[in-house]
Every structure is written in structure tokens, then in C-alpha cells.
Colleague: 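For reference, the structure I am asking about is given below.
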Amino acid sequence: MNDILPIILSIVAALAVIGGLIPVLLKTRKNITQYPGTRDANDPATPQGGGTLLEDAPVVPAERNAPAGVGLEDLEVTDVPDDVAGLETIQVETPLPVAGRLARLRERLVRSNNILGKSLLALLSSDKIDEHVWDEVEETLLLADLGTEPTMQLVDALRERVKVLGTRTPEQVKALLREELIKLVDPTMDRALRTDRHADKPAVVLVVGVNGVGKTTTVGKLARVLVAEDKDVLLGAADTFRAAAAEQLATWGQRVGVPTVKSDVDGADPASVAYEAVKAGIEQEVDVVMIDTAGRLQNKTGLMDELGKVKRVIEKLAEVDEVLLVLDATTGQNGLNQARVFSEVVNITGIVLTKLDGTAKGGIVVAIQKSLGVPVKLIGLGEGADDLAPFEVEGFVDALLN
């Protein structure tokens with residue numbers, strides 16, 4: 001009996017240690033095979049790619065995560081994931097406030113190679129404005145990607161007002177042109193981002209667009225904007241087709257102390273990742289969950305159908321408050337074609353125009369809004385981390401004319 005007792009005690013001790021480790025392991029990683037809930041007709045019978053979903057928690061300095069008087073060593077294991085323990089802590093950046101970004105973006109647009117305002121001012125200040133000048137005005141607007149209908153609308157308004165005005169000093173012409181351009185860009189459109197938390201659920205933002213327009217980067221930059229507004233944000237890496245997309249998104253999140261839900265399996269079901277991200281956002285009571293999706297060629301019907309499925313799966317948990325379509329402003333009228341196809345699959349609520357700098361033509365803002373009835377809500381004018389800001393109508397027009 002005395003010989004057996006030490007063996008029994010050893011077994012009991014081992015079981016106790018294993019039992020204590022289980023909760024820790026469950027906190028840091030969880031295996032999933034499929035999202036729960038009723039399946040749609042478009043959902044696969046088995047998950048595509050399945051796999052393990054990880055929450056890539058941000059590695060932040062102790063003073064950011066810990067309550068006053070608590071050191072890093074006192075925090076729970078989930079605050080410092082085991083796969084980064086011992087590595088160098090990533091310094092969390094403090095994003096610029098929105099006001100500072102707006103001023104900087106306006107300055108950059110003024111310095112950019114925009115011909116729209118300068119050409120129009122020169123033409124309308126001519127000593128004699130005849131049909132030849134009006135043809136040039138029309139051509140300038142079309143070359144600036146304004147679109148046919150908005151161009152004719154602006155030319156007709158300018159013709160009438162120049163005729164009534166009679167004299168045309170540069171100051172008068174600039175004021176006239178400013179008023180008409182502001183009308184075209186339409187300050188009455190609601191450009192507010194719906195990112196306020198609901199009573200019991202986070203706001204959900206779905207970001208879509210074709211390959212190469214900068215969706216993942218836009219999600220990361222928008223996370224910085226929201227963090228600057230003191231919102232708690234969680235990212236979902238549902239772009240499971242592009243290599244390293246999840247890691248790129250997680251890096252953006254870590255820079256501002258924002259966690260990312262992603263899969264460690266290549267080709268995992270995007271809908272499952274999106275579902276788990278929203279679920280984690282609900283459990284953690286964050287303010288906003290942002291979902292990055294794969295870059296889809298708008299002429300690939302199957303991929304577009306899958307995007308619709310991602311949205312439906314998310315809506316089993318929470319309402320999708322914003323569907324932001326990211327467009328490259330330099331693509332001009334081709335961007336319009338992309339926008340129309342995406343709007344047929346998911347209800348687009350806002351446009352994000354990237355690369356609206358030297359080679360872009362400002363008229364695309366008007367063309368897209370007129371075509372879709374959807375406002376441009378955000379613009380990006382560069383590659384910097386804080387080169388994304390809410391779109392401001394008067395500031396944009398003033399930058400074009402200066």
C-alpha cells in the first residue's frame with residue numbers, strides 16, 4: 001500500500017496541472033470546423049479550408065493595457081500571447097488626430113498635379129468666351145473624369161452665370177466656379193461613418209473592392225482613424241486568398257494596439273473568419289469590427305457570389321452598418337464599372353477613394369456619386385499611415401482651385 005500511494009499522488013498532481021492548462025489554451029486558441037446557425041442555399045455543406053482561427057492580440061506596452069499600478073507581469077496570459085512571449089514589444093503608435101490629417105491632405109492636394117481648377121479658371125477668365133472656349137471647358141471636364149452628365153450640368157450652369165455676370169475678374173470667376181463645383185460634389189450627402197456601437201453589439205464595417213486598390217491598407221489606416229477617436233476596434237482578416245494578407249492586416253492592427261482575428265490555414269472559408277471576428281467583437285464588447293475581404297475581379301461571378309455570402313453570414317450575428325467600396329482614383333471611368341457591379345452584390349454605403357494625388361483626376365468624385373447615389377466618405381492622398389481622412393466637400397473644392 002505504501003508503494004502505491006506515491007504513484008497515486010503523482011497521477012493526481014499531473015491531472016491537476018493538465019486541468020489548469022486547459023483554460024489558458026482555450027483562451028489563446030480555438031479550433032473551429034464551421035460557423036453555427038442555419039445554412040443558406042449558397043453555403044457549402046462543409047467548410048472550405050476549415051482550420052484554426054487565431055486572435056492575433058496586439059503586443060502593447062504595459063502602460064497601455066494595464067490598470068494604474070499594475071505591471072506587465074501581473075496581466076492575464078491573454079494580454080501577452082504565448083507565440084510572442086519573449087519577443088521585442090512592438091511600440092504602439094499614436095495616430096494623428098483627424099483635424100491634423102485633413103489639413104495635411106488639403107496641402108498635398110493643392111501641391112498635386114491637378115489641372116481641373118487651374119484650366120477652368122484660365123478659360124473662364126479669357127477676354128472673350130465664345131463657343132470655342134466652352135468646347136474647351138467641356139473637354140477639360142471630361143478629361144478630369146467628371147462624366148458626361150455632370151459635365152453638361154456644370155457647363156450649362158456656368159454659361160448662364162457668366163452671361164448674367166458680364167464682367168469676369170479672376171476673383172469673380174473663382175467664386176462662381178467654387179459655388180458650382182460645391183453643388184456638383186453635393187454637400188447634402190451624408191458622409192458620416194456609421195461606427196457607433198449599438199446597445200449590445202459592435203458596429204460592423206465590411207470593406208470590399210477589386211485586387212490592387214489597397215483594401216487591406218485602407219482597413220489598417222481606418223483603424224488608426226477610429227483609434228484616434230478613442231474607439232475599441234477589432235479586425236477580421238477574411239482575405240484568405242492572398243498570401244500574407246492576414247499578417248499584413250495584423251501588423252497594421254498591432255501598430256495601434258488593435259487585435260486581429262485570422263485563420264492559420266491557407267484558403268480558409270472567408271465567411272467563417274468573418275463570422276468568428278464578429279462573434280469575438282460581441283464577446284469582447286468592442287465598438288467596431290472591421291472585416292477585410294479578398295480582392296475580387298468584378299467579372300468573376302462565383303467570387304462575387306461568395307462576397308454576398310460573407311455579408312449574409314455576418315448578418316446572422318449582427319447588422320452590417322457600413323459596406324465601404326475601395327476604389328483607386330487613378331483608374332477613372334473603369335472604377336465606375338467596378339462600383340456598379342459591387343453595388344449589385346452588396347449594398348454599398350460609402351466610397352473610399354485611394355491615390356487621389358498627382359495622377360488622379362478630381363472629377364471622379366462627382367462621377368461616382370452621380371452614378372451610384374453613394375457618397376465618397378474617405379480619401380487617401382499618399383502612402384503614409386495617416387494619409388486617410390474623412391472627405392470634406394468644401395476643403396476638396398478649395399484644394400482643386402488653389
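Side chains included, hydrogens not; waters and symmetry mates left out as well; all remaining heavy atoms used.
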Colleague: Compare every heavy atom of Leu123 with every heavy atom of Glu136, then report the nearest pair and how far apart it is.
Modeller: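 Closest approach of Glu136 to Leu123: OE1-CD2, 3.6 Å.
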
Colleague: I want to check something: taking the side chain as every heavy atom from C-beta on, are Leu317 and Ile314 in contact at a cut-off of under 4.5 Å?
Modeller: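 They are not in side-chain contact.
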
Colleague: Assess whether side-chain contact (heavy atoms from CB on, under 4.5 Å) is satisfied between Phe391 and Leu378, documenting all intermediate values.
Modeller: CA-CA 5 Å; Phe391 182 74; Leu378 295 161; over 6 Å; no

Colleague: Checking Thr354 side chain against Leu327 main chain: does a donor-acceptor pair fall under 3.5 Å?
Modeller: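 Here the side-chain-to-backbone pair exists.
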
Colleague: List the steps and the verdict of salt bridge (charged side-chain N to carboxylate O under 4.0 Å, His left out) for Arg159 and Glu131.
Modeller: CA-CA 10 Å; Arg159 274 178 178 268; Glu131 285 302 314; 2.9 Å; yes

Colleague: Which distance, rounded to the nearest 0.5 Å, do you find between the CD of Gln172 and the CG of Leu177?
Modeller: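 Between Gln172 CD and Leu177 CG, I get 13.5 Å after rounding to 0.5 Å.
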
Colleague: If the test is side-chain contact (heavy atoms from CB on, under 4.5 Å), which one of Val326, Leu307, Val273 qualifies with Thr293?
Modeller: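 Testing each of Val326, Leu307, Val273 against Thr293, the sole residue satisfying side-chain contact (heavy atoms from CB on, under 4.5 Å) is Leu307.
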
Colleague: With a 4.5 Å cut-off on side-chain heavy atoms, are Leu206 and Glu322 touching?
Modeller: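 No - every pair of side-chain heavy atoms lies 4.5 Å or more apart.
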
Colleague: To the nearest 0.5 Å, what is the distance between CG (Leu124) and OG1 (Thr140)?
Modeller: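 Answer rounded to 0.5 Å: 9.5 Å.
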
Colleague: Could you go step by step and tell me if Val210 and Phe342 meet the side-chain contact (heavy atoms from CB on, under 4.5 Å) rule?
Modeller: CA-CA 9 Å; Val210 301; Phe342 276 95; 3.6 Å; yes

Colleague: Is it the case that the side chain of Ser343 and the backbone of Arg340 share a donor-acceptor pair, with hydrogens and angles ignored and the cut-off at 3.5 Å?
Modeller: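 Yes; judged by distance alone, with no hydrogens or angles, the pair exists.
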
Colleague: Under a 3.5 Å distance rule, please check whether Lys262 uses its side chain to pair with a backbone N or O of Ala245 as donor and acceptor.
Modeller: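 Flag not set: sc Lys262 to bb Ala245 has no pair under 3.5 Å.
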
Colleague: Where do Leu193 and Lys377 come nearest, in terms of heavy atoms and distance?
Modeller: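 For Leu193 and Lys377, the tightest heavy-atom pair comes out as CD2-CD, 4.0 Å.
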
Colleague: Of the non-hydrogen atoms in Ile351 and Leu372, which two are nearest, and what is the gap between them?
Modeller: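 In this case the closest contact between Ile351 and Leu372 is CD1-CD1, 4.3 Å.
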
Colleague: As a quick check of understanding, evaluate side-chain contact (heavy atoms from CB on, under 4.5 Å) for Val155 and Val137, giving each step before the final call.
Modeller: CA-CA 7 Å; Val155 168; Val137 169; 4.2 Å; yes

Colleague: Between atom CD of Gln153 and atom OG1 of Thr148, what is the distance when rounded to the nearest 0.5 Å?
Modeller: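 So the gap between those two atoms works out to 12.5 Å.
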
Colleague: Would you indicate whether the side-chain heavy atoms of Val219 and Leu249 approach each other to under 4.5 Å?
Modeller: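 Yes - at least one pair of side-chain heavy atoms lies under 4.5 Å apart.
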
Colleague: Let me confirm one number: the NZ-CG distance from Lys201 to Asp321, rounded to the nearest 0.5 Å.
Modeller: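 Going from NZ on Lys201 over to CG on Asp321, the span is 10.5 Å.
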
Colleague: I'd like to know if Glu319 pairs up with Arg194 as an ion pair, taking the criterion as any Lys NZ or Arg NE/NH1/NH2 lying under 4.0 Å from an Asp or Glu carboxylate oxygen.
Modeller: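 The answer is no: the pair does not qualify as a salt bridge.
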
Colleague: Salt-bridge test for Glu180 and Lys183: reply yes if a basic N is under 4.0 Å from a carboxylate O, no otherwise.
Modeller: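 Lys183 and Glu180: salt-bridged.
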
Colleague: Mind checking the CH2-CG spacing from Trp134 to Asp156? Nearest 0.5 Å is all I need.
Modeller: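 Going from CH2 on Trp134 over to CG on Asp156, the span is 9.0 Å.
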
Colleague: Any chance NE2 of His132 has more than 12 other-residue heavy atoms, nucleotides or ligands included, within less than 6.0 Å?
Modeller: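 Incorrect, the count does not exceed 12.
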
Colleague: How long is the gap from CZ on Arg312 to NZ on Lys316, to the nearest 0.5 Å?
Modeller: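 Nearest 0.5 Å value for the CZ-NZ distance: 8.0 Å.
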
Colleague: Looking at side-chain heavy atoms only, is the closest gap between Val207 and Ile291 below 4.5 Å?
Modeller: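 No, too far: nothing below the 4.5 Å cut-off.
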
Colleague: Surrounding CD of Glu149 (heavy atoms of other residues, nucleotides or ligands, distance under 6.0 Å), is the total greater than 12?
Modeller: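 Counting neighbours around CD of Glu149, 12 or fewer heavy atoms of other residues, nucleotides or ligands fall under 6.0 Å, so no.
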
Colleague: Go through the steps for Arg178 and Glu394 under the test salt bridge (charged side-chain N to carboxylate O under 4.0 Å, His left out), then give the verdict.
Modeller: CA-CA 9 Å; Arg178 181 181 187 274; Glu394 293 192 7; 3.4 Å; yes

Colleague: Is any side-chain heavy atom of Asp232 less than 4.5 Å from a side-chain heavy atom of Glu285?
Modeller: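 Counting from C-beta outward, Asp232 and Glu285 never come under 4.5 Å.
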
Colleague: Could you walk me through whether Asp269 and Lys309 satisfy the salt bridge (charged side-chain N to carboxylate O under 4.0 Å, His left out) test, starting with their C-alpha distance in whole Å, then the side-chain angles of each, then the deciding distance to 0.1 Å, before giving a yes or no?
Modeller: CA-CA 11 Å; Asp269 182 8; Lys309 174 196 159 187; 3.4 Å; yes

Colleague: Starting from the C-alpha separation in whole Å, work towards a yes-or-no answer on salt bridge (charged side-chain N to carboxylate O under 4.0 Å, His left out) for Glu179 and Arg161.
Modeller: CA-CA 11 Å; Glu179 290 177 16; Arg161 295 196 64 179; 2.7 Å; yes

Colleague: Tell me if a side-chain donor or acceptor on Thr349 pairs with a main-chain N or O of Val323 at a distance below 3.5 Å.
Modeller: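 Such a contact is found between Thr349 side chain and Val323 backbone.
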
Colleague: For a 4.5 angstrom cut-off between non-hydrogen side-chain atoms, does Leu388 reach Ile379?
Modeller: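 Sidechains of Ile379 and Leu388: no contact.
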
Colleague: Quick check: closest heavy atoms across Lys311 and Val346, and the distance to 0.1 Å?
Modeller: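 Scanning both residues completely, I find the closest heavy atoms to be CD-CG1, 3.7 Å.
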
Colleague: For the pair Thr251 (side chain) and Glu247 (backbone), establish whether a donor and an acceptor sit closer than 3.5 Å, ignoring hydrogens and angles.
Modeller: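 Between the backbone of Glu247 and the side chain of Thr251 there is a qualifying donor-acceptor contact (under 3.5 Å).
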
Colleague: Taking 4.0 angstrom as the limit, do Asp196 and Lys231 come out as a salt bridge?
Modeller: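 Salt bridge between Asp196 and Lys231, a charged N being under 4.0 Å from a carboxylate O: yes.
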
Colleague: Where do Leu184 and Pro150 come nearest, in terms of heavy atoms and distance?
Modeller: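 Closest pair (atom of Leu184, atom of Pro150, distance): CD1-O, 3.9 Å.
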
Colleague: What I want to check is whether the side chains of Glu138 and Thr151 have a donor and an acceptor closer together than 3.5 Å.
Modeller: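 No pair is found: no donor N or O on one side chain lies under 3.5 Å from an acceptor on the other.
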
Colleague: Check step by step if side-chain contact (heavy atoms from CB on, under 4.5 Å) holds for Val173 and Val162.
Modeller: CA-CA 8 Å; Val173 170; Val162 167; over 6 Å; no

Colleague: Are the side chains of Ile348 and Val208 in contact, using a 4.5 Å heavy-atom criterion?
Modeller: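 Yes, at least one pair of side-chain atoms sits under 4.5 Å.
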
Colleague: Looking only at the side chains, is there a donor atom on one of Asp292 and Thr216 sitting less than 3.5 Å from an acceptor on the other?
Modeller: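 Side chains of Asp292 and Thr216: pair found under 3.5 Å.
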
Colleague: Kindly indicate whether the side chain of Leu235, heavy atoms from C-beta on, has any atom under 4.5 Å from the side chain of Val261.
Modeller: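 The answer is no, as the side chains (C-beta and beyond) never meet within the 4.5 Å cut-off.
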
Colleague: Looking only at heavy atoms, what is the nearest atom pair of Val393 and Arg191, with distance?
Modeller: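 Shortest heavy-atom contact: CG2-NE, 3.5 Å.
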
